[in-house]
Q: 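Got a structure here, written out as C-alpha coordinates. Questions coming.
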Number of protein chains: 2
Amino acid sequence: MNHSRPRTRIQARNQDTILGAALEVFSAQGFRGATLDQIAEVAGLSKPNLLYYFPSKEAIHARLLTGLLDTWLDPLRALDPAGEPLGEMLAYVRRKLDLARDYPRESRLFANEILQGAPRMRAAIEGDLKRLVDAKCALIAGWMEAGRLARSDPHHLIFSIWALTQHYADFDMQVRAVLGPARDPLAEAGPFLDTLFRRMLAPQAPGRSGS
Amino acid sequence: MNHSRPRTRIQARNQDTILGAALEVFSAQGFRGATLDQIAEVAGLSKPNLLYYFPSKEAIHARLLTGLLDTWLDPLRALDPAGEPLGEMLAYVRRKLDLARDYPRESRLFANEILQGAPRMRAAIEGDLKRLVDAKCALIAGWMEAGRLARSDPHHLIFSIWALTQHYADFDMQVRAVLGPARDPLAEAGPFLDTLFRRMLAPQAPGRSGS
DNA sequence: GGCGGATTTGACCGGACGATCAGGACCACG
DNA sequence: CGTGGTCCTGATCGTCCGGTCAAATCCGCC
(Lines give C-alpha, C1' and ligand atoms only; values in the text may rest on other atoms or scores of the structure.)
Protein backbone atom coordinates (compact mmCIF):
# COMPACT_ATOMS: atom_id res chain seq x y z
CA MET A 1 0.00 0.00 0.00
CA ASN A 2 2.97 2.31 0.35
CA HIS A 3 2.78 4.28 -2.89
CA SER A 4 5.71 6.60 -2.29
CA ARG A 5 8.22 3.73 -2.26
CA PRO A 6 7.40 1.42 -5.16
CA ARG A 7 8.48 -2.05 -4.20
CA THR A 8 7.71 -4.29 -7.12
CA ARG A 9 8.80 -3.73 -10.70
CA ILE A 10 5.19 -3.47 -11.82
CA GLN A 11 4.51 -0.73 -9.33
CA ALA A 12 7.47 1.29 -10.46
CA ARG A 13 6.56 0.92 -14.12
CA ASN A 14 2.88 1.75 -13.72
CA GLN A 15 3.44 4.69 -11.41
CA ASP A 16 5.85 6.16 -13.94
CA THR A 17 3.40 5.52 -16.76
CA ILE A 18 0.62 7.20 -14.81
CA LEU A 19 2.72 10.22 -13.89
CA GLY A 20 3.80 10.60 -17.50
CA ALA A 21 0.24 10.45 -18.75
CA ALA A 22 -0.91 12.79 -16.00
CA LEU A 23 1.78 15.31 -16.91
CA GLU A 24 0.63 15.19 -20.51
CA VAL A 25 -3.01 15.78 -19.61
CA PHE A 26 -2.65 18.17 -16.69
CA SER A 27 -0.24 20.42 -18.57
CA ALA A 28 -2.56 20.59 -21.55
CA GLN A 29 -5.88 20.93 -19.73
CA GLY A 30 -5.13 22.22 -16.27
CA PHE A 31 -6.11 20.40 -13.08
CA ARG A 32 -9.84 20.94 -13.37
CA GLY A 33 -9.89 20.36 -17.11
CA ALA A 34 -8.11 17.03 -16.90
CA THR A 35 -10.14 13.90 -16.19
CA LEU A 36 -9.05 10.56 -14.82
CA ASP A 37 -10.50 8.95 -17.92
CA GLN A 38 -8.19 10.97 -20.16
CA ILE A 39 -5.18 10.14 -18.02
CA ALA A 40 -6.14 6.48 -17.96
CA GLU A 41 -6.59 6.56 -21.74
CA VAL A 42 -3.13 8.07 -22.30
CA ALA A 43 -1.57 5.74 -19.77
CA GLY A 44 -3.24 2.72 -21.34
CA LEU A 45 -4.71 1.68 -18.01
CA SER A 46 -8.20 1.47 -16.59
CA LYS A 47 -9.47 4.25 -14.38
CA PRO A 48 -9.83 2.06 -11.29
CA ASN A 49 -6.29 0.89 -11.87
CA LEU A 50 -5.07 4.48 -11.68
CA LEU A 51 -6.75 4.75 -8.34
CA TYR A 52 -5.10 1.55 -7.25
CA TYR A 53 -1.72 3.26 -7.53
CA PHE A 54 -2.72 6.73 -6.37
CA PRO A 55 -5.38 7.52 -3.80
CA SER A 56 -6.93 10.37 -5.81
CA LYS A 57 -6.64 12.72 -8.75
CA GLU A 58 -5.39 15.33 -6.32
CA ALA A 59 -2.60 13.01 -5.20
CA ILE A 60 -1.33 12.47 -8.74
CA HIS A 61 -1.27 16.21 -9.33
CA ALA A 62 0.46 16.86 -6.02
CA ARG A 63 3.14 14.31 -6.80
CA LEU A 64 3.87 15.96 -10.12
CA LEU A 65 4.17 19.39 -8.53
CA THR A 66 6.50 18.39 -5.74
CA GLY A 67 8.81 16.71 -8.19
CA LEU A 68 8.72 19.81 -10.35
CA LEU A 69 10.06 22.65 -8.25
CA ASP A 70 13.49 21.12 -7.69
CA THR A 71 14.10 20.53 -11.39
CA TRP A 72 12.91 24.00 -12.05
CA LEU A 73 15.28 25.66 -9.62
CA ASP A 74 18.38 23.62 -10.38
CA PRO A 75 19.66 26.06 -13.03
CA LEU A 76 19.47 28.89 -10.54
CA ARG A 77 21.23 26.85 -7.87
CA ALA A 78 24.04 26.30 -10.33
CA LEU A 79 24.83 30.02 -10.45
CA ASP A 80 28.46 29.97 -9.36
CA PRO A 81 29.75 32.76 -7.06
CA ALA A 82 33.28 31.97 -8.20
CA GLY A 83 32.47 32.23 -11.90
CA GLU A 84 32.74 35.17 -14.26
CA PRO A 85 29.54 37.19 -13.63
CA LEU A 86 28.35 37.89 -17.17
CA GLY A 87 29.18 34.36 -18.29
CA GLU A 88 27.37 32.90 -15.28
CA MET A 89 24.23 34.91 -15.97
CA LEU A 90 24.21 34.03 -19.66
CA ALA A 91 24.74 30.38 -18.80
CA TYR A 92 21.78 30.56 -16.45
CA VAL A 93 19.62 31.97 -19.22
CA ARG A 94 20.85 29.22 -21.50
CA ARG A 95 20.03 26.49 -19.00
CA LYS A 96 16.61 27.92 -18.32
CA LEU A 97 15.87 28.07 -22.02
CA ASP A 98 17.01 24.48 -22.44
CA LEU A 99 14.53 23.53 -19.75
CA ALA A 100 11.75 25.31 -21.63
CA ARG A 101 12.71 23.44 -24.79
CA ASP A 102 13.14 20.00 -23.25
CA TYR A 103 10.37 20.12 -20.64
CA PRO A 104 7.60 22.35 -22.00
CA ARG A 105 4.90 20.27 -20.32
CA GLU A 106 6.47 20.79 -16.94
CA SER A 107 6.66 24.50 -17.64
CA ARG A 108 2.99 24.65 -18.57
CA LEU A 109 1.99 22.60 -15.54
CA PHE A 110 3.81 25.14 -13.40
CA ALA A 111 2.31 28.08 -15.28
CA ASN A 112 -1.18 26.68 -14.81
CA GLU A 113 -0.58 26.36 -11.11
CA ILE A 114 0.75 29.89 -10.65
CA LEU A 115 -1.96 31.38 -12.85
CA GLN A 116 -4.60 29.95 -10.53
CA GLY A 117 -2.84 31.54 -7.59
CA ALA A 118 -0.72 28.49 -6.74
CA PRO A 119 -3.30 26.93 -4.42
CA ARG A 120 -1.15 23.83 -4.06
CA MET A 121 2.35 25.35 -4.14
CA ARG A 122 2.11 28.48 -2.06
CA ALA A 123 4.19 27.08 0.77
CA ALA A 124 7.05 25.98 -1.49
CA ILE A 125 7.09 29.29 -3.32
CA GLU A 126 7.08 31.43 -0.21
CA GLY A 127 9.63 29.14 1.39
CA ASP A 128 12.32 27.36 -0.62
CA LEU A 129 11.91 29.41 -3.74
CA LYS A 130 11.98 32.78 -2.04
CA ARG A 131 15.00 31.82 0.05
CA LEU A 132 16.99 30.63 -2.94
CA VAL A 133 16.10 33.68 -5.02
CA ASP A 134 16.98 36.08 -2.23
CA ALA A 135 20.35 34.38 -1.77
CA LYS A 136 21.19 34.51 -5.47
CA CYS A 137 20.02 38.11 -5.67
CA ALA A 138 22.50 39.03 -2.98
CA LEU A 139 25.21 37.39 -5.06
CA ILE A 140 24.15 39.29 -8.17
CA ALA A 141 23.93 42.55 -6.24
CA GLY A 142 27.50 41.95 -5.12
CA TRP A 143 28.63 41.53 -8.73
CA MET A 144 26.92 44.77 -9.66
CA GLU A 145 28.43 46.56 -6.70
CA ALA A 146 31.84 45.45 -7.88
CA GLY A 147 31.15 46.84 -11.33
CA ARG A 148 31.26 43.41 -12.94
CA LEU A 149 27.65 43.61 -14.12
CA ALA A 150 25.62 46.61 -15.19
CA ARG A 151 23.32 47.74 -12.41
CA SER A 152 19.66 46.79 -12.22
CA ASP A 153 17.29 45.25 -9.68
CA PRO A 154 18.41 41.64 -9.19
CA HIS A 155 14.94 40.33 -8.37
CA HIS A 156 13.41 41.83 -11.45
CA LEU A 157 16.39 40.60 -13.43
CA ILE A 158 15.58 37.05 -12.37
CA PHE A 159 11.91 37.58 -13.13
CA SER A 160 12.90 38.74 -16.59
CA ILE A 161 14.90 35.57 -17.17
CA TRP A 162 11.99 33.43 -16.03
CA ALA A 163 9.50 35.37 -18.11
CA LEU A 164 11.55 35.32 -21.28
CA THR A 165 12.50 31.67 -21.20
CA GLN A 166 9.21 30.21 -19.98
CA HIS A 167 7.35 32.31 -22.51
CA TYR A 168 8.65 30.03 -25.24
CA ALA A 169 7.15 27.00 -23.53
CA ASP A 170 3.96 28.46 -22.08
CA PHE A 171 2.98 30.58 -25.07
CA ASP A 172 4.42 28.19 -27.61
CA MET A 173 1.20 28.14 -29.59
CA GLN A 174 1.15 31.92 -29.97
CA VAL A 175 4.84 32.17 -30.76
CA ARG A 176 4.59 29.55 -33.48
CA ALA A 177 1.45 31.06 -34.94
CA VAL A 178 3.09 34.47 -35.24
CA LEU A 179 6.43 33.24 -36.54
CA GLY A 180 4.86 30.90 -39.05
CA PRO A 181 5.67 27.26 -39.71
CA ALA A 182 9.05 27.84 -41.34
CA ARG A 183 10.80 29.19 -38.27
CA ASP A 184 12.03 27.40 -35.16
CA PRO A 185 11.23 29.58 -32.12
CA LEU A 186 13.40 27.78 -29.61
CA ALA A 187 16.43 27.76 -31.88
CA GLU A 188 16.15 31.49 -32.55
CA ALA A 189 15.48 32.32 -28.92
CA GLY A 190 18.95 31.25 -27.85
CA PRO A 191 20.94 33.88 -29.75
CA PHE A 192 18.27 36.49 -29.17
CA LEU A 193 18.26 36.12 -25.40
CA ASP A 194 22.03 35.96 -25.38
CA THR A 195 22.15 39.31 -27.13
CA LEU A 196 19.47 40.79 -24.93
CA PHE A 197 21.07 39.88 -21.64
CA ARG A 198 24.55 40.73 -22.92
CA ARG A 199 23.41 44.28 -23.62
CA MET A 200 21.45 44.40 -20.39
CA LEU A 201 24.23 43.11 -18.18
CA ALA A 202 27.56 43.97 -19.76
CA PRO A 203 29.45 46.41 -17.53
CA GLN A 204 29.49 49.98 -18.82
CA ALA A 205 33.18 50.53 -19.55
CA PRO A 206 34.25 48.18 -22.39
CA GLY A 207 33.26 48.52 -26.03
CA ARG A 208 32.17 44.97 -26.86
CA SER A 209 28.88 44.39 -28.64
CA GLY A 210 27.51 41.05 -29.84
CA SER A 211 26.05 41.13 -33.35
CA MET B 1 -33.63 37.75 -28.31
CA ASN B 2 -30.77 39.56 -29.95
CA HIS B 3 -28.12 39.39 -27.29
CA SER B 4 -25.36 41.14 -29.15
CA ARG B 5 -27.26 44.45 -29.28
CA PRO B 6 -28.77 45.06 -25.88
CA ARG B 7 -31.97 47.01 -26.30
CA THR B 8 -33.33 47.62 -22.86
CA ARG B 9 -31.46 49.17 -19.96
CA ILE B 10 -31.86 45.98 -17.95
CA GLN B 11 -30.29 43.92 -20.70
CA ALA B 12 -27.31 46.21 -20.92
CA ARG B 13 -26.82 46.25 -17.17
CA ASN B 14 -27.17 42.50 -16.68
CA GLN B 15 -25.00 41.55 -19.61
CA ASP B 16 -22.27 43.80 -18.26
CA THR B 17 -22.69 42.35 -14.79
CA ILE B 18 -22.46 38.83 -16.14
CA LEU B 19 -19.40 39.55 -18.27
CA GLY B 20 -17.70 41.17 -15.30
CA ALA B 21 -18.42 38.21 -13.06
CA ALA B 22 -17.41 35.79 -15.78
CA LEU B 23 -14.10 37.61 -16.27
CA GLU B 24 -13.46 37.35 -12.57
CA VAL B 25 -14.16 33.63 -12.45
CA PHE B 26 -12.74 32.52 -15.81
CA SER B 27 -9.48 34.38 -15.25
CA ALA B 28 -9.05 32.83 -11.83
CA GLN B 29 -10.16 29.28 -12.63
CA GLY B 30 -9.82 28.79 -16.35
CA PHE B 31 -12.70 27.84 -18.62
CA ARG B 32 -13.11 24.29 -17.39
CA GLY B 33 -12.55 25.22 -13.77
CA ALA B 34 -15.19 27.94 -13.75
CA THR B 35 -18.80 26.98 -13.14
CA LEU B 36 -21.97 28.82 -14.02
CA ASP B 37 -22.95 28.70 -10.38
CA GLN B 38 -19.80 30.60 -9.40
CA ILE B 39 -20.38 33.19 -12.08
CA ALA B 40 -24.01 33.54 -11.06
CA GLU B 41 -22.95 33.90 -7.44
CA VAL B 42 -20.46 36.67 -8.25
CA ALA B 43 -22.93 38.37 -10.57
CA GLY B 44 -25.68 38.17 -7.96
CA LEU B 45 -28.03 36.47 -10.41
CA SER B 46 -29.55 33.03 -10.66
CA LYS B 47 -28.02 30.47 -12.98
CA PRO B 48 -31.02 30.22 -15.28
CA ASN B 49 -30.97 34.00 -15.50
CA LEU B 50 -27.41 33.86 -16.81
CA LEU B 51 -28.60 31.53 -19.51
CA TYR B 52 -31.42 33.90 -20.33
CA TYR B 53 -28.85 36.48 -21.40
CA PHE B 54 -26.28 34.15 -22.93
CA PRO B 55 -27.04 30.90 -24.70
CA SER B 56 -24.25 28.96 -22.99
CA LYS B 57 -21.15 29.06 -20.83
CA GLU B 58 -19.16 28.80 -24.03
CA ALA B 59 -20.87 31.91 -25.39
CA ILE B 60 -19.97 34.00 -22.35
CA HIS B 61 -16.39 32.92 -22.65
CA ALA B 62 -16.30 33.59 -26.37
CA ARG B 63 -17.68 37.06 -25.88
CA LEU B 64 -14.98 37.87 -23.36
CA LEU B 65 -12.25 36.63 -25.67
CA THR B 66 -13.37 38.51 -28.75
CA GLY B 67 -13.58 41.72 -26.78
CA LEU B 68 -10.12 41.02 -25.44
CA LEU B 69 -7.82 40.82 -28.43
CA ASP B 70 -8.48 44.34 -29.64
CA THR B 71 -7.73 45.90 -26.28
CA TRP B 72 -4.67 43.77 -26.05
CA LEU B 73 -3.29 44.84 -29.40
CA ASP B 74 -4.10 48.54 -29.21
CA PRO B 75 -0.73 49.46 -27.67
CA LEU B 76 1.05 47.77 -30.55
CA ARG B 77 -1.15 49.50 -33.11
CA ALA B 78 -0.18 52.81 -31.56
CA LEU B 79 3.47 52.28 -32.53
CA ASP B 80 4.04 55.37 -34.66
CA PRO B 81 6.21 55.09 -37.79
CA ALA B 82 6.77 58.85 -37.65
CA GLY B 83 7.93 58.85 -34.04
CA GLU B 84 11.40 58.60 -32.58
CA PRO B 85 12.21 54.84 -32.62
CA LEU B 86 13.63 54.29 -29.13
CA GLY B 87 10.96 56.50 -27.58
CA GLU B 88 8.24 54.67 -29.47
CA MET B 89 9.44 51.28 -28.31
CA LEU B 90 9.77 52.37 -24.70
CA ALA B 91 6.31 53.90 -24.84
CA TYR B 92 4.97 50.61 -26.15
CA VAL B 93 6.54 48.76 -23.24
CA ARG B 94 5.05 51.33 -20.89
CA ARG B 95 1.56 50.96 -22.36
CA LYS B 96 1.76 47.19 -22.25
CA LEU B 97 2.84 47.28 -18.62
CA ASP B 98 -0.01 49.64 -17.80
CA LEU B 99 -2.36 47.09 -19.31
CA ALA B 100 -0.89 44.36 -17.14
CA ARG B 101 -1.37 46.58 -14.09
CA ASP B 102 -4.87 47.80 -14.87
CA TYR B 103 -6.28 44.65 -16.46
CA PRO B 104 -4.58 41.66 -14.85
CA ARG B 105 -7.70 39.52 -15.13
CA GLU B 106 -7.84 40.05 -18.86
CA SER B 107 -4.18 39.10 -19.08
CA ARG B 108 -4.75 35.91 -17.14
CA LEU B 109 -7.80 35.03 -19.21
CA PHE B 110 -5.65 35.38 -22.29
CA ALA B 111 -2.81 33.39 -20.74
CA ASN B 112 -5.16 30.59 -19.81
CA GLU B 113 -6.42 30.43 -23.35
CA ILE B 114 -2.97 30.33 -24.96
CA LEU B 115 -1.68 27.83 -22.42
CA GLN B 116 -4.39 25.39 -23.45
CA GLY B 117 -3.37 25.82 -27.07
CA ALA B 118 -5.83 28.62 -27.84
CA PRO B 119 -8.65 26.28 -28.88
CA ARG B 120 -11.01 29.24 -29.20
CA MET B 121 -8.67 31.93 -30.49
CA ARG B 122 -6.52 30.18 -33.03
CA ALA B 123 -8.11 31.94 -35.97
CA ALA B 124 -7.68 35.41 -34.51
CA ILE B 125 -4.09 34.71 -33.56
CA GLU B 126 -3.08 33.29 -36.90
CA GLY B 127 -4.99 36.06 -38.67
CA ASP B 128 -5.29 39.56 -37.22
CA LEU B 129 -2.57 39.19 -34.66
CA LYS B 130 0.02 37.71 -36.99
CA ARG B 131 -0.69 40.35 -39.64
CA LEU B 132 -0.34 43.23 -37.21
CA VAL B 133 2.83 41.84 -35.68
CA ASP B 134 4.40 41.22 -39.07
CA ALA B 135 3.61 44.78 -40.15
CA LYS B 136 5.07 46.31 -37.02
CA CYS B 137 8.11 44.06 -37.26
CA ALA B 138 8.78 45.43 -40.73
CA LEU B 139 8.63 48.92 -39.27
CA ILE B 140 11.04 47.99 -36.48
CA ALA B 141 13.35 46.26 -38.93
CA GLY B 142 13.41 49.48 -40.92
CA TRP B 143 14.42 51.44 -37.84
CA MET B 144 17.22 48.99 -37.17
CA GLU B 145 18.34 49.11 -40.79
CA ALA B 146 18.58 52.88 -40.49
CA GLY B 147 20.73 52.54 -37.38
CA ARG B 148 18.13 54.15 -35.17
CA LEU B 149 17.72 51.04 -33.01
CA ALA B 150 20.25 48.40 -32.06
CA ARG B 151 19.82 45.30 -34.17
CA SER B 152 17.92 42.23 -33.01
CA ASP B 153 15.15 40.01 -34.30
CA PRO B 154 11.99 42.15 -34.30
CA HIS B 155 9.61 39.24 -33.71
CA HIS B 156 11.53 38.02 -30.70
CA LEU B 157 11.80 41.59 -29.52
CA ILE B 158 8.02 41.83 -29.47
CA PHE B 159 7.76 38.46 -27.75
CA SER B 160 10.13 39.73 -25.11
CA ILE B 161 7.95 42.76 -24.49
CA TRP B 162 4.88 40.57 -24.18
CA ALA B 163 6.62 38.10 -21.92
CA LEU B 164 8.09 40.69 -19.60
CA THR B 165 4.97 42.78 -19.16
CA GLN B 166 2.39 40.00 -18.96
CA HIS B 167 4.59 38.13 -16.50
CA TYR B 168 3.69 40.71 -13.86
CA ALA B 169 -0.01 39.99 -14.33
CA ASP B 170 0.04 36.26 -15.02
CA PHE B 171 2.62 35.29 -12.41
CA ASP B 172 1.59 37.97 -9.96
CA MET B 173 1.28 35.48 -7.14
CA GLN B 174 4.85 34.23 -7.60
CA VAL B 175 6.29 37.70 -8.06
CA ARG B 176 4.67 38.97 -4.89
CA ALA B 177 5.65 35.89 -2.91
CA VAL B 178 9.30 36.31 -3.89
CA LEU B 179 9.47 40.06 -3.43
CA GLY B 180 7.68 39.99 -0.12
CA PRO B 181 4.77 42.12 1.03
CA ALA B 182 6.70 45.37 1.39
CA ARG B 183 7.48 45.84 -2.29
CA ASP B 184 5.21 46.87 -5.16
CA PRO B 185 6.07 44.73 -8.20
CA LEU B 186 4.23 46.79 -10.79
CA ALA B 187 5.72 50.06 -9.61
CA GLU B 188 9.25 48.68 -9.73
CA ALA B 189 8.72 46.99 -13.07
CA GLY B 190 8.35 50.32 -14.90
CA PRO B 191 11.85 51.65 -14.31
CA PHE B 192 13.36 48.19 -14.61
CA LEU B 193 11.86 47.49 -18.01
CA ASP B 194 12.70 50.98 -19.16
CA THR B 195 16.34 50.34 -18.32
CA LEU B 196 16.30 46.89 -19.86
CA PHE B 197 14.89 47.95 -23.20
CA ARG B 198 16.97 51.12 -23.26
CA ARG B 199 20.13 49.03 -23.03
CA MET B 200 18.74 46.49 -25.47
CA LEU B 201 17.62 48.99 -28.09
CA ALA B 202 19.76 52.09 -27.83
CA PRO B 203 21.72 52.55 -31.08
CA GLN B 204 25.44 51.81 -30.82
CA ALA B 205 27.04 55.07 -31.92
CA PRO B 206 25.85 57.95 -29.70
CA GLY B 207 26.93 58.55 -26.14
CA ARG B 208 23.58 58.90 -24.41
CA SER B 209 22.73 56.52 -21.58
CA GLY B 210 19.74 56.56 -19.29
CA SER B 211 20.46 56.50 -15.55
C1' DG C 1 -55.37 49.31 -13.70
C1' DG C 2 -54.63 45.96 -16.86
C1' DC C 3 -52.35 44.00 -20.94
C1' DG C 4 -48.24 41.81 -23.15
C1' DG C 5 -43.76 41.14 -23.44
C1' DA C 6 -39.49 41.05 -20.69
C1' DT C 7 -37.36 39.13 -16.77
C1' DT C 8 -36.62 35.86 -13.06
C1' DT C 9 -36.69 31.56 -10.64
C1' DG C 10 -37.37 26.76 -8.46
C1' DA C 11 -37.40 22.34 -9.96
C1' DC C 12 -35.52 19.20 -12.75
C1' DC C 13 -32.86 16.44 -16.49
C1' DG C 14 -29.07 13.89 -18.46
C1' DG C 15 -24.46 13.25 -18.74
C1' DA C 16 -19.80 13.49 -16.89
C1' DC C 17 -16.72 12.69 -13.31
C1' DG C 18 -14.20 11.16 -9.09
C1' DA C 19 -14.32 7.47 -6.35
C1' DT C 20 -15.63 2.69 -4.39
C1' DC C 21 -16.13 -2.16 -4.22
C1' DA C 22 -16.51 -6.98 -4.93
C1' DG C 23 -14.58 -10.18 -7.34
C1' DG C 24 -11.56 -12.18 -10.84
C1' DA C 25 -6.91 -12.77 -13.06
C1' DC C 26 -2.19 -13.07 -12.41
C1' DC C 27 2.03 -14.30 -10.27
C1' DA C 28 5.72 -15.61 -7.00
C1' DC C 29 6.80 -19.12 -4.05
C1' DG C 30 6.84 -23.45 -1.71
C1' DC D 1 -0.23 -27.46 -8.03
C1' DG D 2 -2.03 -24.95 -4.40
C1' DT D 3 -1.88 -20.78 -1.68
C1' DG D 4 -1.63 -15.96 -0.55
C1' DG D 5 -0.73 -11.62 -1.98
C1' DT D 6 -0.53 -8.39 -5.92
C1' DC D 7 -2.73 -6.52 -9.73
C1' DC D 8 -6.73 -5.40 -12.56
C1' DT D 9 -11.59 -4.49 -13.97
C1' DG D 10 -16.86 -4.11 -14.69
C1' DA D 11 -20.40 -2.29 -12.41
C1' DT D 12 -22.04 1.16 -9.71
C1' DC D 13 -22.63 5.17 -6.50
C1' DG D 14 -23.19 10.08 -5.32
C1' DT D 15 -22.23 14.47 -6.77
C1' DC D 16 -21.53 18.22 -9.74
C1' DC D 17 -22.57 20.78 -13.67
C1' DG D 18 -24.44 22.73 -17.99
C1' DG D 19 -28.66 23.40 -19.64
C1' DT D 20 -34.12 23.30 -19.96
C1' DC D 21 -38.80 24.43 -18.77
C1' DA D 22 -43.01 25.93 -17.00
C1' DA D 23 -44.62 29.09 -14.23
C1' DA D 24 -44.34 33.29 -11.55
C1' DT D 25 -43.11 38.14 -11.29
C1' DC D 26 -41.94 42.55 -13.03
C1' DC D 27 -42.37 46.58 -15.89
C1' DG D 28 -43.39 49.87 -19.58
C1' DC D 29 -47.18 51.47 -21.86
C1' DC D 30 -51.98 52.39 -23.13
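Throughout, protein chains are lettered first and strands after them, A, B, ... in sequence-line order, and every chain is numbered starting at 1.
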Q: Which one, D/dT20, C/dC17, D/dT6, comes nearest to the side chain of B/Pro48?
A: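 The nucleotide sitting nearest to the side chain is D/dT20.
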Q: Could you work out which one of D/dC7, D/dC17, C/dT8 sits closest to the side chain of A/Tyr52?
A: D/dC7
Q: Would one find more than 12 heavy atoms of other residues, nucleotides or ligands at under 6.0 Å from atom CD of B/Glu84?
A: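 More than 12 within 6.0 Å, yes.
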Q: Rounding to a whole Å, what distance do you find between A/Leu51:CG and C/dC17:C1'?
A: 11 Å
Q: For the pair made of CG in B/Leu50 and P in C/dG10, what is the distance, rounded to whole Å?
A: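 Taking atom P of C/dG10 as the reference, CG of B/Leu50 is at 14 Å.
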Q: Measure from the ring center of B/His155 to the ring center of A/Phe192 and say whether it is less than 6.0 Å.
A: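 When the ring centroids of B/His155 and A/Phe192 are compared, they turn out to be at least 6.0 Å apart.
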Q: A/Thr35 or A/Ile10: which one's nearest nucleotide on DNA chain C is closer to the 5' end?
A: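 Here A/Thr35 is the residue nearer the 5' end.
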Q: How close or far is atom P of C/dG18 from atom CG of A/Leu36, stated in whole angstroms?
A: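 It works out to 4 Å between those atoms.
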Q: Whether the side chain of B/Ser107 engages the backbone of B/Pro104 through a donor-acceptor N/O pair (distance < 3.5 Å, no angle test) should be reported.
A: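 Answer holds: no.
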Q: Starting at CZ of B/Phe54 and ending at P of C/dT8, how long is that distance when rounded to a whole Å?
A: 13 Å
Q: Distance check needed: D/dC17 P versus B/Phe26 CZ, whole Å only.
A: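 Rounded to whole Å, this separation is 13 Å.
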Q: Taking CD from A/Gln11 and C1' from D/dT6, how many angstroms apart are they, rounded to a whole number?
A: 8 Å
Q: Side-chain N or O of B/Arg32 versus OP1/OP2 of C/dC17: is the shortest distance under 4.0 Å?
A: yes
Q: Starting at atom CZ of B/Arg9, determine the distance to atom P of C/dG5, rounded to an integer number of angstrom.
A: 22 Å
Q: When the distance from CG of A/Asn49 to P of C/dG18 is rounded to whole Å, what number comes out?
A: 16 Å
Q: Would you say B/Asn14 reaches C/dA6's phosphate, i.e. side-chain N/O to OP1/OP2 under 4.0 Å?
A: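 B/Asn14 to C/dA6 OP1/OP2: no side-chain N or O under 4.0 Å.
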Q: Considering just the side-chain nitrogens and oxygens of A/Arg13, establish if one lies under 4.0 Å of OP1 or OP2 belonging to D/dC7.
A: no
Q: Can you check whether any acceptor in the base of D/dG18 is under 3.5 Å from a donor in the side chain of B/Lys47, or vice versa?
A: yes
Q: Where each residue is assigned the nucleotide of DNA chain D containing its nearest heavy atom, which of A/Leu45 and B/Ala34 is assigned the position nearer the 5′ end?
A: A/Leu45
Q: So B/Glu188 and B/Leu179, do their side chains get closer than 4.5 Å, heavy atoms only?
A: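 With C-beta onward as the side chain, the pair touches.
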Q: Starting at CG of B/Asp80, measure out to CD of B/Glu88 and round the result to the nearest 0.5 Å.
A: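 Interatomic distance, B/Asp80 CG to B/Glu88 CD, rounded to 0.5 Å: 5.0 Å.
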